[in-house]
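Keep in mind that the numbers below use all heavy atoms, side chains included, and drop hydrogens, waters and symmetry copies. Source: prediction; values computed, not measured. Letters A, B, ... mirror the listed sequences (proteins, then strands); counts begin at 1.
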There are 2 protein chains.
Amino acid sequence: MNIKEVADQAGLPAKTIRYYEDIGLVRARRGANGYRQFDATDLHKLAFLARARALGFSIEDCRALLALYEDKGRASADVKQIAEQHITQIEEKLAQLQSMHDTLTELARACPGNNRPDCPILSDLSHLGMDEKKGSTKDPI
Amino acid sequence: MNIKEVADQAGLPAKTIRYYEDIGLVRARRGANGYRQFDATDLHKLAFLARARALGFSIEDCRALLALYEDKGRASADVKQIAEQHITQIEEKLAQLQSMHDTLTELARACPGNNRPDCPILSDLSHLGMDEKKGSTKDPI
DNA sequence: ATAGGGGTTCCAGTCACGGGAAGGTCAAGG
DNA sequence: CCTTGACCTTCCCGTGACTGGAACCCCTAT
């Protein structure tokens with residue numbers, strides 16, 4: 001299989017697969033013409049990666065998961081630990097977003113949205129954000 | 001005020017303020033020694049930016065919001081529209097994360113987390129992800 | 001005079017790719 | 001045989017919103 005076929009079947013752009021090879025996440029044999037050659041095993045790994053990435057695992061998580069995936073004697077506890085860490089991260093992110101959402105929704109609700117310049121949203125934003133600690137703007141959405 | 005003082009009061013790293021100047025989001029006068037000089041108005045703008053960024057508005061959103069903030073005759077509807085677009089984005093992100101969370105939680109629940117190699121998480125990941133459309137791995141967490 | 005804690009610029013790196021250029025390869029059709 | 005068009009290759013640049021670090025200047029206090 002050439003890259004496009006495996007890409008389509010795994011559900012990843014070809015560019016991404018080349019990138020994954022670049023960073024050592026996958027390897028690919030080369031044909032006589034220099035083209036990458038993939039087989040069913042490669043396809044499985046790439047599909048694995050596609051699914052893991054879609055579930056929000058970082059590349060480094062994926063690297064660890066792939067290693068466990070290939071280690072037939074791994075303990076399921078190891079996998080579960082990675083998953084649970086990731087779940088915790090997702091929960092933190094959810095809480096953050098939910099809080100943003102609530103604040104913004106309340107501000108938008110209070111805003112008449114008319115032609116006059118009085119705007120509760122701008123009023124809120126213009127308050128000094130003393131309650132936000134330095135660096136709190138990191139990693140927004 | 002020099003940059004560190006305004007940075008501490010606005011709740012932003014000094015580096016970020018220099019960056020904001022770089023991209024034309026704010027401007028700063030310079031003293032005879034070449035140091036940036038900030039006054040209360042600058043502080044307000046920076047605090048405004050800190051708060052808006054903390055609420056997840058993009059830099060470009062912030063640029064628009066700042067322009068409206070400085071335009072005393074703006075219509076509140078304009079601000080509201082930006083906020084509502086942003087709320088919609090947040091809602092999409094929330095839904096995505098929630099879906100990831102549910103899936104992972106279910107997989108983790110089904111995983112015994114013991115020393116044996118059977119792991120529902122890896123089993124799930126190793127299925128061909130045909131249901132995920134190409135590019136679905138974009139913008140994870 | 002010196003030590004420290006500011007300040008300045010510029011360059012590089014982050015993360016996970018995506019876009020696009022320049023050029024090689026392959027199968028099918030005229 | 002030649003061309004067309006789809007594919008493949010590598011390489012480099014750009015993204016967003018910063019962050020870290022180097023190399024250097026300035027100001028105040030001891």
It should be established whether [X] places a side-chain nitrogen or oxygen under 4.0 Å from OP1 or OP2 of nucleotide [N].
{"X": "B/R30", "N": "C/dT9", "value": "yes"}
{"X": "B/T16", "N": "D/dT19", "value": "yes"}
{"X": "A/R18", "N": "D/dC8", "value": "no"}
{"X": "A/Y19", "N": "C/dC15", "value": "no"}

Which residues in residues 31-41 of chain B have at least one heavy atom lying under 4.0 Å from any atom of DNA chain D?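 Listed by number, they are B/N33, B/Y35.
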
Less than 4.0 Å between a side-chain N and a carboxylate O, is that true for [Y] and [X]?
{"X": "B/E106", "Y": "B/R109", "answer": "yes"}
{"X": "A/R18", "Y": "A/E21", "answer": "no"}
{"X": "B/K4", "Y": "B/D8", "answer": "yes"}

Length of the [atom1]-[atom2] vector between [X] and [N], whole Å:
{"X": "A/E60", "N": "C/dC15", "atom1": "CD", "atom2": "P", "value": "8 Å"}
{"X": "B/I23", "N": "D/dG14", "atom1": "CD1", "atom2": "C1'", "value": "16 Å"}
{"X": "B/F57", "N": "D/dA17", "atom1": "CZ", "atom2": "P", "value": "13 Å"}
{"X": "A/L49", "N": "C/dA16", "atom1": "CG", "atom2": "P", "value": "12 Å"}
{"X": "B/K4", "N": "C/dT8", "atom1": "NZ", "atom2": "C1'", "value": "16 Å"}
{"X": "B/R29", "N": "C/dT8", "atom1": "CZ", "atom2": "P", "value": "13 Å"}
{"X": "A/Y20", "N": "C/dC15", "atom1": "OH", "atom2": "P", "value": "14 Å"}
{"X": "B/E21", "N": "C/dT9", "atom1": "CD", "atom2": "P", "value": "7 Å"}

Is the count of non-hydrogen atoms from other residues, nucleotides or ligands lying under 6.0 Å from A/N115 atom CG greater than 12?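 Result for CG/A/N115: open.
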
Is it the case that atom CZ in B/R29 sees more than 12 heavy atoms from other parts of the structure closer than 6.0 Å?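 Atom CZ in B/R29 is crowded, with more than 12 foreign heavy atoms closer than 6.0 Å.
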
Just checking B/I3: base, sugar-phosphate only, or nothing, at a heavy-atom cut-off of under 4.0 Å?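 Counting heavy atoms under 4.0 Å across all strands, the contact made by B/I3 is with sugar-phosphate only.
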
Reading DNA chain D from 5' onward, which residue's closest nucleotide shows up sooner: B/I59 or A/E5?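 That would be A/E5.
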
Between A/T103 and A/S99 (side chain of the first, backbone of the second, donor and acceptor by atom type, cut-off under 3.5 Å), is there such a pair?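 Pair found, side chain donor or acceptor close to backbone of A/S99.
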
Once the angle between the rings of B/F48 and B/Y69 is folded into 0 to 90°, is it parallel (under 30°), tilted (30 to 60°) or perpendicular (over 60°)?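 Because their plane-to-plane angle is under 30°, the rings of B/F48 and B/Y69 count as parallel.
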
Measure from the side-chain heavy atoms of B/R53 and tell me the nearest of C/dG7, D/dG20, D/dA17.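 Ranking C/dG7, D/dG20, D/dA17 by closest atom to the B/R53 side chain puts D/dA17 first.
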
